[in-house]
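Take a look at the following structure, please.
Residue indices begin at 1 and follow the sequence shown. Quantities reported herein were computed from a predicted structural model and do not represent experimental measurements.
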Amino acid sequence: MVSHYNEMYEHDRVREPYARLREWVDTMPDDFRQMKQAEAEALFRRIGITFAVYGEGGDPDRLIPFDMMPRVFEQAEWRKLERGIKQRARALNAFLRDVYGRAEIVRAGRVPARLVFRNEAYEKSVVGVVPPRGVYSHIIGIDLVRTGKDEFYVLEDNCRTPSGVSYMLENREIMMRMFPQLFRQNRIEPVDQYPELLRRTLESVAPAKCDDRPTCVILTPGHFNSAYYEHSFLANLMGVELVEGQDLFVDGEFVYMRTTQGPQRVDVIYRRIDDPFLDPLCFRPDSMLGVPGLMDVYRSGGVSICSAPGAGVADDKAIYTFVPEMIRFYLGEEPLLNNVQTWTLWKDEDYRHVMANLPDLVVKEVHGSGGYGMLVGPKSTKEEIESFRKKIEADPANYIAQPTLSLSTCPTFVEQGIAPRHVDLRPFCLCGDRIELVPGGLTRVALREGSLVVNSSQGGGVKDTWVLSE
(Lines give C-alpha, C1' and ligand atoms only; values in the text may rest on other atoms or scores of the structure.)
Protein backbone atom coordinates (compact mmCIF):
# COMPACT_ATOMS: atom_id res chain seq x y z
CA MET A 1 0.00 0.00 0.00
CA VAL A 2 1.54 3.32 -1.14
CA SER A 3 1.59 5.97 1.58
CA HIS A 4 0.61 9.51 0.58
CA TYR A 5 1.33 12.63 2.58
CA ASN A 6 -1.94 14.02 3.91
CA GLU A 7 -1.67 17.80 4.16
CA MET A 8 -4.38 18.04 6.80
CA TYR A 9 -3.13 15.40 9.25
CA GLU A 10 0.17 14.68 10.93
CA HIS A 11 0.38 11.58 13.12
CA ASP A 12 -3.44 11.39 13.20
CA ARG A 13 -3.65 14.96 14.51
CA VAL A 14 -4.99 17.89 12.52
CA ARG A 15 -2.18 20.19 11.44
CA GLU A 16 -2.46 23.72 12.77
CA PRO A 17 -3.26 25.39 9.39
CA TYR A 18 -6.36 23.20 9.08
CA ALA A 19 -7.57 23.38 12.69
CA ARG A 20 -10.37 25.88 12.13
CA LEU A 21 -11.38 24.20 8.89
CA ARG A 22 -11.79 20.93 10.75
CA GLU A 23 -14.26 22.62 13.10
CA TRP A 24 -16.03 24.17 10.12
CA VAL A 25 -16.45 20.79 8.41
CA ASP A 26 -17.55 19.00 11.59
CA THR A 27 -20.31 21.53 12.28
CA MET A 28 -21.61 21.71 8.70
CA PRO A 29 -24.86 19.77 8.18
CA ASP A 30 -25.01 17.61 5.04
CA ASP A 31 -27.98 19.46 3.60
CA PHE A 32 -26.23 22.82 4.11
CA ARG A 33 -23.09 21.51 2.37
CA GLN A 34 -25.15 20.26 -0.58
CA MET A 35 -26.95 23.60 -0.79
CA LYS A 36 -23.64 25.49 -0.82
CA GLN A 37 -22.18 23.16 -3.45
CA ALA A 38 -25.21 23.82 -5.65
CA GLU A 39 -24.78 27.55 -5.03
CA ALA A 40 -21.14 27.38 -6.12
CA GLU A 41 -22.07 25.52 -9.30
CA ALA A 42 -24.79 28.09 -10.03
CA LEU A 43 -22.26 30.92 -9.61
CA PHE A 44 -19.77 29.22 -11.94
CA ARG A 45 -22.51 28.67 -14.50
CA ARG A 46 -23.78 32.26 -14.26
CA ILE A 47 -20.28 33.66 -14.66
CA GLY A 48 -19.54 31.26 -17.51
CA ILE A 49 -16.46 29.53 -16.13
CA THR A 50 -15.93 26.54 -18.41
CA PHE A 51 -13.06 24.49 -19.75
CA ALA A 52 -12.90 22.25 -22.78
CA VAL A 53 -12.82 18.48 -22.24
CA TYR A 54 -12.10 16.83 -25.56
CA GLY A 55 -12.46 13.27 -26.77
CA GLU A 56 -15.64 12.33 -24.92
CA GLY A 57 -18.23 13.38 -27.50
CA GLY A 58 -21.01 15.89 -27.04
CA ASP A 59 -20.46 19.47 -25.95
CA PRO A 60 -16.82 19.76 -24.82
CA ASP A 61 -17.44 22.87 -22.69
CA ARG A 62 -18.02 21.82 -19.09
CA LEU A 63 -18.28 23.54 -15.77
CA ILE A 64 -15.06 23.14 -13.85
CA PRO A 65 -15.80 21.06 -10.75
CA PHE A 66 -15.19 23.27 -7.73
CA ASP A 67 -14.33 21.83 -4.33
CA MET A 68 -15.29 24.04 -1.38
CA MET A 69 -12.58 22.66 0.93
CA PRO A 70 -9.59 25.03 0.54
CA ARG A 71 -5.98 23.98 0.48
CA VAL A 72 -3.90 25.75 3.14
CA PHE A 73 -0.22 26.71 3.31
CA GLU A 74 1.57 28.23 6.27
CA GLN A 75 3.55 31.41 5.61
CA ALA A 76 6.89 29.61 6.07
CA GLU A 77 5.91 26.97 3.49
CA TRP A 78 4.95 29.65 1.01
CA ARG A 79 8.15 31.66 1.49
CA LYS A 80 10.18 28.57 0.62
CA LEU A 81 8.15 28.00 -2.53
CA GLU A 82 8.28 31.68 -3.50
CA ARG A 83 12.08 31.80 -3.33
CA GLY A 84 12.37 28.65 -5.43
CA ILE A 85 9.86 29.83 -8.04
CA LYS A 86 11.56 33.22 -8.47
CA GLN A 87 14.96 31.53 -8.77
CA ARG A 88 13.62 29.24 -11.48
CA ALA A 89 12.02 32.13 -13.36
CA ARG A 90 15.31 34.05 -13.39
CA ALA A 91 17.16 31.01 -14.74
CA LEU A 92 14.59 30.26 -17.45
CA ASN A 93 14.72 33.82 -18.77
CA ALA A 94 18.53 33.77 -18.64
CA PHE A 95 18.46 30.58 -20.70
CA LEU A 96 16.19 32.17 -23.30
CA ARG A 97 18.41 35.26 -23.57
CA ASP A 98 21.38 32.97 -24.02
CA VAL A 99 20.05 30.52 -26.62
CA TYR A 100 18.80 33.37 -28.81
CA GLY A 101 22.20 35.01 -28.43
CA ARG A 102 25.61 33.38 -28.00
CA ALA A 103 24.27 30.10 -26.60
CA GLU A 104 27.04 29.88 -24.00
CA ILE A 105 25.32 27.04 -22.13
CA VAL A 106 25.40 24.96 -25.31
CA ARG A 107 29.03 25.91 -26.03
CA ALA A 108 29.91 24.82 -22.50
CA GLY A 109 28.36 21.40 -23.13
CA ARG A 110 25.78 21.82 -20.36
CA VAL A 111 22.75 21.45 -22.68
CA PRO A 112 22.87 19.39 -25.92
CA ALA A 113 22.70 21.59 -29.02
CA ARG A 114 20.12 19.42 -30.77
CA LEU A 115 17.65 19.78 -27.89
CA VAL A 116 17.73 23.54 -28.44
CA PHE A 117 18.31 24.19 -32.13
CA ARG A 118 16.25 21.27 -33.48
CA ASN A 119 13.44 21.94 -31.04
CA GLU A 120 10.18 22.74 -32.83
CA ALA A 121 9.60 25.60 -30.34
CA TYR A 122 12.95 27.26 -31.19
CA GLU A 123 12.21 30.23 -33.46
CA LYS A 124 15.13 31.11 -35.74
CA SER A 125 13.29 34.26 -36.80
CA VAL A 126 14.03 35.92 -33.45
CA VAL A 127 17.70 34.96 -33.05
CA GLY A 128 19.56 38.08 -31.95
CA VAL A 129 16.37 39.91 -30.96
CA VAL A 130 16.49 40.99 -27.31
CA PRO A 131 13.08 42.01 -25.93
CA PRO A 132 12.74 44.90 -23.46
CA ARG A 133 14.54 44.25 -20.16
CA GLY A 134 15.75 40.94 -21.63
CA VAL A 135 12.56 39.21 -20.53
CA TYR A 136 11.26 36.50 -22.85
CA SER A 137 8.77 34.73 -20.60
CA HIS A 138 6.60 37.22 -18.71
CA ILE A 139 4.03 34.89 -17.14
CA ILE A 140 5.43 31.56 -15.97
CA GLY A 141 3.20 28.87 -14.51
CA ILE A 142 5.30 26.40 -12.55
CA ASP A 143 3.56 23.14 -11.68
CA LEU A 144 4.48 21.86 -8.24
CA VAL A 145 3.74 18.62 -6.44
CA ARG A 146 4.25 17.74 -2.81
CA THR A 147 5.32 14.35 -1.51
CA GLY A 148 6.07 15.13 2.15
CA LYS A 149 5.98 17.81 4.80
CA ASP A 150 9.04 19.60 3.40
CA GLU A 151 9.26 17.89 0.03
CA PHE A 152 8.15 19.87 -3.02
CA TYR A 153 9.09 19.10 -6.62
CA VAL A 154 8.68 20.95 -9.91
CA LEU A 155 6.72 18.78 -12.31
CA GLU A 156 6.99 21.09 -15.32
CA ASP A 157 7.45 24.70 -16.41
CA ASN A 158 4.94 26.62 -18.55
CA CYS A 159 6.67 29.58 -20.19
CA ARG A 160 4.38 30.37 -23.12
CA THR A 161 0.74 31.02 -22.25
CA PRO A 162 -0.05 29.22 -18.97
CA SER A 163 -3.77 29.18 -18.24
CA GLY A 164 -5.74 28.90 -15.01
CA VAL A 165 -5.19 32.20 -13.24
CA SER A 166 -8.83 33.19 -13.74
CA TYR A 167 -9.86 30.11 -11.78
CA MET A 168 -7.49 31.05 -8.98
CA LEU A 169 -9.19 34.45 -8.74
CA GLU A 170 -12.75 33.16 -9.12
CA ASN A 171 -12.21 30.37 -6.58
CA ARG A 172 -11.30 33.02 -4.01
CA GLU A 173 -14.19 35.30 -4.98
CA ILE A 174 -16.74 32.51 -4.65
CA MET A 175 -15.35 31.27 -1.33
CA MET A 176 -15.46 34.79 0.11
CA ARG A 177 -19.01 35.24 -1.10
CA MET A 178 -20.27 31.93 0.28
CA PHE A 179 -18.28 31.67 3.52
CA PRO A 180 -17.30 35.17 4.70
CA GLN A 181 -16.96 33.93 8.28
CA LEU A 182 -13.99 31.77 7.28
CA PHE A 183 -12.11 34.86 6.15
CA ARG A 184 -12.91 36.63 9.40
CA GLN A 185 -11.60 33.68 11.40
CA ASN A 186 -8.45 33.10 9.33
CA ARG A 187 -5.81 35.60 8.26
CA ILE A 188 -5.53 34.76 4.57
CA GLU A 189 -3.19 36.54 2.14
CA PRO A 190 -5.13 38.19 -0.74
CA VAL A 191 -4.74 37.28 -4.41
CA ASP A 192 -7.00 39.93 -5.94
CA GLN A 193 -4.04 42.20 -6.76
CA TYR A 194 -2.96 39.84 -9.58
CA PRO A 195 -4.63 41.77 -12.47
CA GLU A 196 -3.00 45.00 -11.29
CA LEU A 197 0.39 43.29 -11.04
CA LEU A 198 -0.06 41.72 -14.47
CA ARG A 199 -0.85 45.06 -16.09
CA ARG A 200 2.10 46.70 -14.35
CA THR A 201 4.33 43.86 -15.57
CA LEU A 202 3.16 44.30 -19.15
CA GLU A 203 3.61 48.07 -19.03
CA SER A 204 7.12 47.65 -17.60
CA VAL A 205 8.27 45.84 -20.76
CA ALA A 206 6.93 48.38 -23.26
CA PRO A 207 9.24 48.94 -26.24
CA ALA A 208 11.72 51.81 -26.28
CA LYS A 209 9.70 53.55 -29.01
CA CYS A 210 6.78 53.94 -26.60
CA ASP A 211 6.79 57.57 -25.42
CA ASP A 212 3.60 57.61 -23.33
CA ARG A 213 1.73 55.27 -21.00
CA PRO A 214 1.77 51.96 -22.90
CA THR A 215 -1.40 50.69 -24.54
CA CYS A 216 -1.75 46.98 -23.75
CA VAL A 217 -4.11 44.46 -25.34
CA ILE A 218 -4.82 40.76 -24.96
CA LEU A 219 -4.73 38.89 -28.27
CA THR A 220 -7.12 35.92 -28.28
CA PRO A 221 -7.86 33.28 -30.94
CA GLY A 222 -11.55 33.93 -30.33
CA HIS A 223 -14.51 32.58 -28.44
CA PHE A 224 -14.03 29.01 -29.71
CA ASN A 225 -10.78 28.72 -27.75
CA SER A 226 -11.02 26.59 -24.58
CA ALA A 227 -9.57 29.40 -22.43
CA TYR A 228 -11.56 32.27 -23.96
CA TYR A 229 -13.32 32.92 -20.67
CA GLU A 230 -9.96 33.61 -19.06
CA HIS A 231 -8.89 35.96 -21.86
CA SER A 232 -12.01 38.10 -21.51
CA PHE A 233 -11.91 37.88 -17.71
CA LEU A 234 -8.35 39.23 -17.50
CA ALA A 235 -8.97 41.95 -20.08
CA ASN A 236 -11.93 43.17 -18.07
CA LEU A 237 -10.06 43.18 -14.74
CA MET A 238 -6.99 44.89 -16.21
CA GLY A 239 -9.03 47.46 -18.10
CA VAL A 240 -7.46 46.62 -21.47
CA GLU A 241 -8.97 45.67 -24.81
CA LEU A 242 -9.52 42.05 -25.81
CA VAL A 243 -8.70 41.78 -29.50
CA GLU A 244 -8.52 39.22 -32.26
CA GLY A 245 -6.03 39.30 -35.10
CA GLN A 246 -8.49 41.07 -37.41
CA ASP A 247 -8.73 43.95 -34.92
CA LEU A 248 -5.03 44.80 -35.35
CA PHE A 249 -3.01 45.92 -38.34
CA VAL A 250 0.52 47.02 -39.13
CA ASP A 251 1.29 50.42 -40.61
CA GLY A 252 4.93 51.32 -41.01
CA GLU A 253 6.89 50.49 -37.88
CA PHE A 254 3.96 50.19 -35.47
CA VAL A 255 0.90 48.06 -34.72
CA TYR A 256 -2.51 49.68 -34.51
CA MET A 257 -5.90 48.67 -33.14
CA ARG A 258 -9.12 49.45 -34.98
CA THR A 259 -11.48 51.47 -32.77
CA THR A 260 -14.65 53.51 -33.27
CA GLN A 261 -12.50 56.64 -32.78
CA GLY A 262 -9.99 55.55 -35.41
CA PRO A 263 -6.67 53.66 -35.26
CA GLN A 264 -4.96 53.50 -31.87
CA ARG A 265 -1.34 52.47 -31.52
CA VAL A 266 -0.64 49.30 -29.51
CA ASP A 267 2.56 48.96 -27.53
CA VAL A 268 2.26 45.64 -25.67
CA ILE A 269 0.45 42.51 -26.84
CA TYR A 270 -0.27 39.82 -24.26
CA ARG A 271 -0.79 37.04 -26.74
CA ARG A 272 -2.80 33.94 -25.96
CA ILE A 273 -2.19 32.29 -29.33
CA ASP A 274 0.71 30.01 -30.24
CA ASP A 275 3.80 31.12 -32.18
CA PRO A 276 2.86 29.49 -35.53
CA PHE A 277 -0.31 31.58 -35.75
CA LEU A 278 1.09 35.00 -34.78
CA ASP A 279 2.03 36.29 -38.23
CA PRO A 280 1.16 34.58 -41.53
CA LEU A 281 4.03 36.40 -43.23
CA CYS A 282 6.57 34.85 -40.84
CA PHE A 283 5.08 31.59 -39.63
CA ARG A 284 2.09 29.62 -40.95
CA PRO A 285 0.82 31.34 -44.12
CA ASP A 286 -2.67 29.89 -43.59
CA SER A 287 -3.11 31.47 -40.15
CA MET A 288 -6.27 33.56 -39.81
CA LEU A 289 -5.59 34.34 -36.15
CA GLY A 290 -2.51 36.54 -36.33
CA VAL A 291 -1.47 39.92 -37.70
CA PRO A 292 0.40 40.16 -41.03
CA GLY A 293 3.69 41.97 -40.54
CA LEU A 294 3.60 41.73 -36.72
CA MET A 295 7.01 40.07 -36.48
CA ASP A 296 8.72 42.81 -38.51
CA VAL A 297 7.41 45.41 -36.05
CA TYR A 298 8.43 43.21 -33.10
CA ARG A 299 11.97 42.72 -34.42
CA SER A 300 12.37 46.46 -35.04
CA GLY A 301 11.32 47.31 -31.47
CA GLY A 302 7.93 48.80 -32.29
CA VAL A 303 5.86 46.45 -30.13
CA SER A 304 6.38 44.02 -27.26
CA ILE A 305 4.89 40.54 -27.38
CA CYS A 306 4.32 38.75 -24.09
CA SER A 307 5.49 36.09 -23.82
CA ALA A 308 8.08 36.55 -26.55
CA PRO A 309 7.99 34.38 -29.67
CA GLY A 310 10.30 31.43 -29.11
CA ALA A 311 9.82 31.29 -25.34
CA GLY A 312 8.41 27.80 -25.67
CA VAL A 313 11.84 26.25 -26.04
CA ALA A 314 12.29 26.78 -22.29
CA ASP A 315 9.28 24.68 -21.27
CA ASP A 316 9.96 21.70 -23.47
CA LYS A 317 9.86 18.60 -21.23
CA ALA A 318 13.30 17.48 -22.37
CA ILE A 319 14.77 20.94 -21.66
CA TYR A 320 13.05 20.78 -18.25
CA THR A 321 15.62 18.21 -17.12
CA PHE A 322 18.37 20.83 -17.49
CA VAL A 323 16.78 23.64 -15.45
CA PRO A 324 18.81 22.78 -12.30
CA GLU A 325 21.92 23.08 -14.47
CA MET A 326 20.68 26.46 -15.78
CA ILE A 327 20.37 27.70 -12.20
CA ARG A 328 23.98 26.71 -11.48
CA PHE A 329 25.29 28.02 -14.83
CA TYR A 330 23.57 31.42 -14.92
CA LEU A 331 22.96 32.22 -11.26
CA GLY A 332 25.80 30.40 -9.53
CA GLU A 333 23.30 28.94 -7.04
CA GLU A 334 21.97 25.55 -6.06
CA PRO A 335 18.32 24.88 -6.97
CA LEU A 336 15.90 25.61 -4.13
CA LEU A 337 13.23 23.42 -5.72
CA ASN A 338 14.15 20.04 -7.16
CA ASN A 339 13.01 18.48 -10.41
CA VAL A 340 11.23 15.16 -10.46
CA GLN A 341 13.60 12.38 -11.52
CA THR A 342 13.26 12.20 -15.29
CA TRP A 343 14.43 9.80 -17.97
CA THR A 344 14.95 11.23 -21.47
CA LEU A 345 14.33 8.52 -24.02
CA TRP A 346 16.80 9.81 -26.59
CA LYS A 347 19.46 8.39 -24.28
CA ASP A 348 19.97 4.65 -24.89
CA GLU A 349 20.38 3.81 -21.21
CA ASP A 350 17.22 5.74 -20.24
CA TYR A 351 15.31 4.18 -23.12
CA ARG A 352 16.16 0.66 -22.04
CA HIS A 353 15.22 1.40 -18.43
CA VAL A 354 11.86 2.93 -19.35
CA MET A 355 10.87 0.21 -21.81
CA ALA A 356 11.64 -2.41 -19.17
CA ASN A 357 9.56 -0.62 -16.54
CA LEU A 358 6.64 0.94 -18.45
CA PRO A 359 3.94 -0.42 -16.08
CA ASP A 360 5.53 1.50 -13.19
CA LEU A 361 6.21 4.87 -14.84
CA VAL A 362 4.48 7.99 -16.14
CA VAL A 363 5.46 8.71 -19.76
CA LYS A 364 4.75 12.08 -21.42
CA GLU A 365 5.15 13.59 -24.85
CA VAL A 366 7.89 16.21 -24.88
CA HIS A 367 5.49 18.82 -26.29
CA GLY A 368 2.29 17.46 -24.73
CA SER A 369 0.04 19.44 -22.41
CA GLY A 370 -3.29 19.29 -20.66
CA GLY A 371 -2.89 15.66 -19.64
CA TYR A 372 -3.04 14.48 -23.24
CA GLY A 373 -0.47 12.19 -24.88
CA MET A 374 0.64 10.54 -21.65
CA LEU A 375 0.69 7.10 -20.07
CA VAL A 376 0.18 6.53 -16.35
CA GLY A 377 1.61 3.02 -16.13
CA PRO A 378 0.12 1.83 -12.82
CA LYS A 379 -3.36 3.00 -13.88
CA SER A 380 -3.22 1.56 -17.41
CA THR A 381 -4.24 -1.81 -18.85
CA LYS A 382 -1.76 -4.16 -20.52
CA GLU A 383 -3.28 -3.27 -23.88
CA GLU A 384 -2.85 0.46 -23.25
CA ILE A 385 0.76 -0.05 -22.18
CA GLU A 386 1.62 -2.12 -25.25
CA SER A 387 -0.08 0.39 -27.54
CA PHE A 388 1.93 3.23 -25.97
CA ARG A 389 5.12 1.14 -26.23
CA LYS A 390 4.73 1.14 -30.02
CA LYS A 391 4.43 4.93 -30.04
CA ILE A 392 7.65 5.23 -28.06
CA GLU A 393 9.48 2.80 -30.35
CA ALA A 394 8.47 4.89 -33.36
CA ASP A 395 9.95 8.11 -31.91
CA PRO A 396 11.82 7.71 -28.58
CA ALA A 397 13.05 11.33 -28.54
CA ASN A 398 9.44 12.51 -28.37
CA TYR A 399 9.02 11.19 -24.82
CA ILE A 400 10.26 11.55 -21.28
CA ALA A 401 9.39 9.35 -18.31
CA GLN A 402 9.08 9.95 -14.59
CA PRO A 403 8.36 7.78 -11.57
CA THR A 404 4.80 7.55 -10.34
CA LEU A 405 5.01 10.09 -7.55
CA SER A 406 3.27 9.72 -4.25
CA LEU A 407 1.39 13.02 -4.63
CA SER A 408 0.12 14.59 -1.44
CA THR A 409 -3.59 14.60 -0.72
CA CYS A 410 -5.92 17.30 0.57
CA PRO A 411 -9.33 16.88 2.18
CA THR A 412 -11.99 17.14 -0.49
CA PHE A 413 -15.77 17.11 -0.27
CA VAL A 414 -17.30 13.90 -1.65
CA GLU A 415 -20.77 12.45 -1.34
CA GLN A 416 -19.92 10.72 1.95
CA GLY A 417 -18.37 13.81 3.55
CA ILE A 418 -14.67 14.58 3.07
CA ALA A 419 -11.96 12.30 1.75
CA PRO A 420 -8.33 12.72 0.63
CA ARG A 421 -7.74 13.45 -3.06
CA HIS A 422 -4.47 14.09 -4.88
CA VAL A 423 -3.53 17.69 -5.74
CA ASP A 424 -0.93 19.80 -7.47
CA LEU A 425 -0.28 23.57 -7.50
CA ARG A 426 0.34 26.11 -10.25
CA PRO A 427 1.56 29.49 -8.95
CA PHE A 428 1.83 32.26 -11.54
CA CYS A 429 5.11 34.16 -11.62
CA LEU A 430 5.19 37.59 -13.30
CA CYS A 431 8.48 38.76 -14.84
CA GLY A 432 9.03 42.34 -15.92
CA ASP A 433 11.17 45.01 -14.28
CA ARG A 434 10.82 42.80 -11.20
CA ILE A 435 9.70 39.25 -10.43
CA GLU A 436 6.48 38.96 -8.46
CA LEU A 437 3.82 36.42 -7.60
CA VAL A 438 0.69 36.60 -5.49
CA PRO A 439 0.59 34.32 -2.42
CA GLY A 440 -1.28 31.31 -3.70
CA GLY A 441 -2.04 29.74 -7.04
CA LEU A 442 -4.31 27.28 -8.75
CA THR A 443 -4.75 24.04 -6.83
CA ARG A 444 -6.02 21.31 -9.11
CA VAL A 445 -7.53 18.20 -7.60
CA ALA A 446 -8.04 14.70 -9.00
CA LEU A 447 -11.65 14.12 -8.04
CA ARG A 448 -11.72 10.41 -8.82
CA GLU A 449 -10.51 8.27 -5.92
CA GLY A 450 -6.93 7.12 -6.49
CA SER A 451 -6.48 9.19 -9.67
CA LEU A 452 -3.28 11.18 -10.15
CA VAL A 453 -4.49 13.17 -13.18
CA VAL A 454 -5.52 16.62 -11.99
CA ASN A 455 -5.85 18.45 -15.32
CA SER A 456 -9.14 20.26 -15.83
CA SER A 457 -9.14 19.03 -19.43
CA GLN A 458 -9.12 15.49 -18.07
CA GLY A 459 -11.99 16.00 -15.63
CA GLY A 460 -10.05 17.30 -12.62
CA GLY A 461 -11.41 19.99 -10.34
CA VAL A 462 -10.13 23.13 -8.62
CA LYS A 463 -10.11 24.55 -5.11
CA ASP A 464 -9.15 27.79 -3.40
CA THR A 465 -5.54 28.02 -2.19
CA TRP A 466 -4.87 29.81 1.08
CA VAL A 467 -1.58 31.21 2.33
CA LEU A 468 -1.97 32.17 5.97
CA SER A 469 -0.50 35.44 7.22
CA GLU A 470 1.90 35.34 10.12
Side-chain angles (χ1 to χ4, degrees), residues 3-45 49 63-78 144-149 167-191 406-426 439-452 454 456 459-470:
S3 175
H4 304 287
Y5 178 70
N6 189 313
E7 297 190 11
M8 184 169 179
Y9 293 97
E10 189 170 19
H11 307 304
D12 296 326
R13 297 180 61 183
V14 176
R15 294 179 59 229
E16 181 61 29
Y18 284 90
R20 286 181 175 148
L21 284 177
R22 176 75 262 184
E23 297 171 8
W24 174 64
V25 171
D26 288 344
T27 58
M28 185 186 299
D30 287 344
D31 57 348
F32 180 77
R33 176 176 62 82
Q34 292 167 4
M35 181 190 72
K36 283 295 184 181
Q37 187 65 54
E39 181 183 340
E41 291 177 5
L43 286 169
F44 269 65
R45 190 177 301 279
I49 307 176
L63 282 179
I64 293 185
F66 172 68
D67 179 54
M68 298 185 299
M69 185 74 177
R71 183 186 193 181
V72 188
F73 289 98
E74 293 178 309
Q75 184 67 215
E77 292 173 327
W78 176 251
L144 298 164
V145 294
R146 187 176 195 173
T147 59
K149 183 178 180 180
Y167 311 129
M168 173 189 80
L169 297 171
E170 290 289 22
N171 292 343
R172 176 61 54 85
E173 177 68 22
I174 287 174
M175 283 295 291
M176 291 179 70
R177 185 183 304 188
M178 294 198 306
F179 304 108
Q181 76 279 9
L182 286 180
F183 291 84
R184 290 194 294 266
Q185 296 168 357
N186 298 273
R187 299 179 61 186
I188 303 163
E189 295 279 4
V191 296
S406 178
L407 268 64
S408 65
T409 62
C410 276
T412 302
F413 282 113
V414 297
E415 289 186 10
Q416 298 77 21
I418 63 168
R421 292 291 185 266
H422 296 292
V423 292
D424 78 351
L425 177 69
R426 176 178 289 182
L442 176 64
T443 288
R444 300 180 296 182
V445 54
L447 294 173
R448 290 190 293 271
E449 184 175 5
S451 174
L452 298 173
V454 300
S456 299
V462 295
K463 55 169 68 203
D464 194 10
T465 307
W466 291 3
V467 175
L468 299 181
S469 302
E470 287 184 321

Distance, nearest 0.5 Å, that separates CZ of Arg20 from CG of Leu182: 10.5 Å
More than 12 foreign heavy atoms under 6.0 Å from CD of Gln185: is that the case here? yes
Heavy atoms of Ile418 and Val25 approach each other most closely as CG2-CG1, 4.0 Å
With a 3.5 Å distance limit and no angle check, can you tell me whether Arg146 reaches the backbone of Lys149 through a side-chain donor-acceptor pair? yes
CE/Met28 to CE/Met35 distance, rounded to the nearest 0.5 angstrom? 9.5 Å
To check you understand the geometry: which heavy-atom pair defines the closest contact between Leu442 and Val462, and what is its length? CD1-CG1, 3.7 Å
Nearest 0.5 angstrom please: Phe413 CZ to Asp30 CG, how far? 10.0 Å
Nearest 0.5 angstrom please: Ile188 CD1 to Met176 CE, how far? 8.0 Å
Heavy-atom nearest pair, Tyr18 first then Pro70, reads CE2-O, 3.8 Å
Between Arg444 and Gly460, is there a donor-acceptor pair closer than 3.5 Å when you use the side chain of the first and the backbone of the second? no
Donor-acceptor under 3.5 Å (Arg172 side chain, Thr465 main chain): yes
Can you classify the ring geometry of Phe179 versus Phe32 as parallel (below 30°), tilted (30 to 60°) or perpendicular (above 60°)? perpendicular
Are a donor atom and an acceptor atom from the side chains of Tyr9 and Arg22 found within less than 3.5 Å of each other? yes
Would you say the side chain of Asn186 lies within less than 4.5 Å of the side chain of Trp24, judging by non-hydrogen atoms? no
If you compare all heavy atoms of Gln75 against all heavy atoms of Leu468, which two are closest, and at what distance to 0.1 Å? NE2-O, 2.9 Å
Can you find a heavy atom in the side chain of Val423 that is under 4.5 Å from one in the side chain of Ser408? yes
Looking at every heavy atom in both Leu447 and Arg421, which two are closest together, and how far apart are they? O-NE, 3.0 Å
Glu449 atom CD, neighbour heavy-atom count above 12 within 6.0 Å: no
Under 3.5 Å donor-acceptor, Lys463 side chain and Met69 backbone: yes
Is Gln37 reaching over with its side chain to a backbone N or O of Asp67, donor-acceptor style, under 3.5 angstrom? no
Nearest 0.5 Å, please: how far is CD1 in Ile174 from CZ in Phe44? 4.0 Å
What's the shortest heavy-atom distance between Asp424 and Arg71, and which atoms? O-NH1, 3.1 Å
4.5 Å side-chain heavy-atom contact, Phe66 and Leu43: no
For a 4.5 angstrom cut-off between non-hydrogen side-chain atoms, does Met168 reach Arg426? no
Give a yes or no on whether a salt bridge exists between Glu77 and Arg15, defined as a side-chain N under 4.0 angstrom from a carboxylate O. yes
Are Glu39 and Lys36 close enough for a salt bridge, meaning some N to O gap below 4.0 Å? yes
I'd like to know if the side chain of His4 reaches the main chain of Thr409, judged simply by a donor and an acceptor atom lying under 3.5 Å from each other, with no hydrogens or angles considered. no
